[in-house]
Protein chains: 2
Amino acid sequence: MNNYPQASRILVAIDCIIFGFDGKDIKLLLIKRNFEPEKGKWSLMGGFLNAEEDLADGAVRILYNLTGLKDIYVEQLETFGKADRDPGERTVSVVFFALIKIDDHDSEAVKSHNAAWITLDARPKLIFDHEQMVGRAIEHLKYNAALHPIGFELLPERFTIPQLQKLYEAIYNIPIDRRNFSRKLLSTGLLIDTGQKNNNSATKKATLYKLDAERYKTKFHSFWNFMPDSMKSQ
Amino acid sequence: MNNYPQASRILVAIDCIIFGFDGKDIKLLLIKRNFEPEKGKWSLMGGFLNAEEDLADGAVRILYNLTGLKDIYVEQLETFGKADRDPGERTVSVVFFALIKIDDHDSEAVKSHNAAWITLDARPKLIFDHEQMVGRAIEHLKYNAALHPIGFELLPERFTIPQLQKLYEAIYNIPIDRRNFSRKLLSTGLLIDTGQKNNNSATKKATLYKLDAERYKTKFHSFWNFMPDSMKSQ
DNA sequence: CCAAAAGTGTTATTTTTACACCCATGA
DNA sequence: TCATGGGTGTAAAAATAACACTTTTGG
């Protein structure tokens, strides 16, 4: 069957930008390639879309290979399609944006792929246009974390308000007022007090909350402001 | 040169969702296909990405073919990649979102493509997954018109505040308070009073404004609220 | 002179910001 | 007992929402 004889068939790649948070910094999961092409250089985790595979399934497959996780927060970000973006062969790359709970990943799988968690500041040069992809993903993270409750995807199942605050401070690289932040968060009605306290702290133990899964679903598309207004123009 | 021998080459399509505004309704530019496949049915305007063409250039080419316009507001929206989305052959489609000033388009070109401006309510069933694409684009329009000053792209070079209000009322399908809307708009500093008045009106003539191009560029990424807060949860 | 649409001002309410003190904990 | 981080309240400022009258125009 060939209804479109004159059109070009092109490689379709999938590249994944994977963010994590270690309690202090936002990190990217990058791989040091032990395969060709560009062996020895750093890149995003990727692969090709299979002939009979749904695009979204391809992203899940690639994320699973690297992290051992199946229920990851994934969004399609943007498709990169400059004619010369891959010098080997014309390739269009669909970039996916993933947020994971950093403690959940399978460190064996990560190790076997020669991958590492790297802070944004310390990231090496990446191959092809992967640098631009990361730039776009950081932009997306900043933009969307202010409007939707996606920050939770980077934290453990149970988390404290101070943890969440540190996350937002890392994303926007600004200090946030503790009192206002806490009030704003609690007023969303998204947080359920688990009654437990955090043991990690050497001082007063913070309350552990979990997400109200129902409300999270229904409120996800609301427009919010986790970010101070002074950041809105950036 | 074939560095990736085992990967599949796939057709890459480009489909364009083109919005216009006639002063009363938001409209879509759709084509009634006078070519195979699916001849006689309605679809989005589209085409295939050429072997040596940048993706963004492909979108511009396709938009130009249909509208005769080159400086159109275009954003990449989303890539649709279900394995079975095109029954003819595996095709991944990159969907673009375009806003045009409806009076500017080349009606000859539109006619020769068998295309028509159709209101959202009156739109026919579309082929393949084009229906979903349109749904996604409407969502995107609603979301983004509230946060960025993209509404202007649907209006003539010179426009009045009441025109802009009607546009927003059409997008969100709600009545907006004239006084609050006008104040909010003018406070952005984006509008320049041209000193002219609108002749179309049968009653009091409204002031014609134009965009402050400089400010438009610098303020584009600001987060705004052209939408009343009561809509935020939708 | 009247119907229809444009323009504009004030007040109440809500949201956001700025800011300081007390509490719990383990070393 | 003290240093560290967690928890909370209040008042000022800013933004938003609600609301009504006057002006211009063409028929």
Side-chain angles (χ1 to χ4, degrees), chain A residues 23-24 146-147 155-156 158-170 172 174-209 219 222-234, chain B residues 23-24 146-147 155-156 158-170 172 174-209 219 222-234:
Chain A
K24 190 158 156 290
L147 299 172
L155 294 177
R158 283 153 193 250
F159 53 87
T160 68
I161 290 182
Q163 276 180 313
L164 198 51
Q165 181 176 341
K166 284 192 195 81
L167 170 60
Y168 276 90
E169 290 176 331
Y172 298 105
I174 47 159
I176 298 174
D177 184 272
R178 218 150 32 90
R179 295 155 287 196
N180 294 336
F181 184 79
S182 160
R183 180 167 346 105
K184 199 176 262 187
L185 246 314
L186 291 170
S187 76
T188 64
L190 273 182
L191 271 47
I192 297 175
D193 187 335
T194 64
Q196 298 176 292
K197 299 281 172 179
N198 190 0
N199 282 325
N200 299 352
S201 175
T203 62
K204 182 169 180 179
K205 285 154 174 36
T207 306
L208 282 163
Y209 291 89
K219 286 201 137 191
S222 306
F223 301 169
W224 290 3
N225 262 327
F226 282 137
M227 208 165 59
D229 281 2
S230 60
M231 290 291 299
K232 284 192 188 178
S233 53
Q234 300 199 10
Chain B
K24 191 158 156 289
L147 299 172
L155 294 177
R158 284 153 193 252
F159 54 87
T160 68
I161 291 182
Q163 276 181 312
L164 198 51
Q165 181 176 340
K166 283 191 195 83
L167 170 60
Y168 277 90
E169 290 177 329
Y172 298 105
I174 48 159
I176 299 175
D177 184 272
R178 218 148 31 88
R179 295 154 287 194
N180 294 337
F181 184 78
S182 161
R183 180 168 346 104
K184 198 175 263 187
L185 246 313
L186 290 171
S187 76
T188 63
L190 274 183
L191 271 47
I192 297 175
D193 186 334
T194 64
Q196 299 177 292
K197 298 282 173 178
N198 190 1
N199 282 323
N200 298 351
S201 172
T203 62
K204 183 170 180 177
K205 285 155 172 37
T207 306
L208 282 163
Y209 291 89
K219 286 203 137 192
S222 306
F223 301 168
W224 290 2
N225 260 329
F226 283 137
M227 207 164 62
D229 280 4
S230 60
M231 290 291 297
K232 285 193 188 180
S233 54
Q234 300 199 10

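Sequence lines set the chain letters: A, B, ... in the order given, protein chains first and strands last, and positions in each chain run from 1. Please read these numbers as outputs of a predicted model, since none were measured by experiment. In what follows, every heavy atom counts, from backbone to side chain, and hydrogens, waters and symmetry copies are set aside.
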Next on the checklist: At 4.0 Å (heavy atoms only), tell me whether B:S182 reaches a base, stays on the sugar-phosphate, or touches nothing.
Outcome noted: nothing

Checklist entry - Hey, does the side-chain of A:R183 have a donor or acceptor N/O within less than 3.5 Å of a partner on the base of D:dG7? => result no

Checklist entry - Rounded to the Å, how far apart are A:I176 CD1 and C:dC19 C1'? => result 17 Å

Checklist outcome for this item: Its contact letters, B for base, S for sugar-phosphate only and - for none at protein heavy atoms under 4.0 Å, make nucleotides 21-27 of chain D read --BBBS-

Checklist entry - What are the two closest heavy atoms between B:Y172 and B:A146, and how far apart are they? => result OH-N, 3.0 Å

Checklist entry - Does B:T207 reach the side chain of B:I161, with side-chain heavy atoms less than 4.5 Å apart? => result no

Next on the checklist: Using a 4.0 Å heavy-atom cut-off, does A:T160 contact any base of the nucleic acid, only the sugar-phosphate backbone, or nothing at all?
Outcome noted: nothing

Item to check | Atom-pair distance (CZ on B:F181; P on D:dA17), nearest Å | outcome: 13 Å

Item to check | Residue pair A:A170 / A:K24: nearest heavy atoms and the distance that separates them | outcome: CB-O, 3.8 Å

Next on the checklist: Just N and O in the side chain of B:T207: are any of them under 4.0 Å from OP1 or OP2 of C:dA6?
Outcome noted: no

Checklist entry - Under the side chain to side chain contact (heavy atoms under 4.5 Å, CB included) criterion, do A:L164 and A:F181 qualify, and how do the steps go? => result CA-CA 9 Å; A:L164 198 51; A:F181 184 79; 4.2 Å; yes

Item to check | Rounded distance (Å) that lies between atom P of D:dT8 and atom CG of A:D193 | outcome: 10 Å

Checklist outcome for this item: Sequence neighbours excluded, the answer for side chain to side chain contact (heavy atoms under 4.5 Å, CB included) partners of A:T160 is A:P162, A:Q163, A:N198, A:A206, A:L208

Next on the checklist: For a 4.5 angstrom cut-off between non-hydrogen side-chain atoms, does B:Y209 reach B:D193?
Outcome noted: yes

Checklist entry - Just how far, in rounded Å, is C1' of C:dC21 from CG of A:D177? => result 14 Å

Item to check | Protein-nucleotide distance (B:L191, atom CG; C:dG7, atom P), rounded to Å | outcome: 11 Å

Checklist entry - Can you tell me how far NZ of A:K166 sits from CD1 of A:I176, rounded to the nearest 0.5 angstrom? => result 11.5 Å

Checklist entry - Using rotation axes that map the C1' atoms of four end pairs onto the next four (five pairs an end), what angle separates the end axes of the helix from C:dC1-D:dG27 to C:dA27-D:dT1, to 10°? => result 0°

Checklist entry - Within a strict 4.5 Å, meaning less than it, do heavy atoms of the B:W224 and B:K219 side chains meet? => result yes

Item to check | B:Y209 OH - C:dG7 C1' separation (whole Å) | outcome: 9 Å

Next on the checklist: Do B:L185 and B:Y168 make a side-chain contact, defined as non-hydrogen atoms from C-beta onward lying under 4.5 Å apart?
Outcome noted: no

Next on the checklist: Rounded to whole Å, how long is the line connecting atom CH2 of B:W224 with atom P of D:dA15?
Outcome noted: 15 Å

Checklist entry - Rounding to a whole Å, what distance do you find between B:Q163:CD and C:dA5:P? => result 14 Å

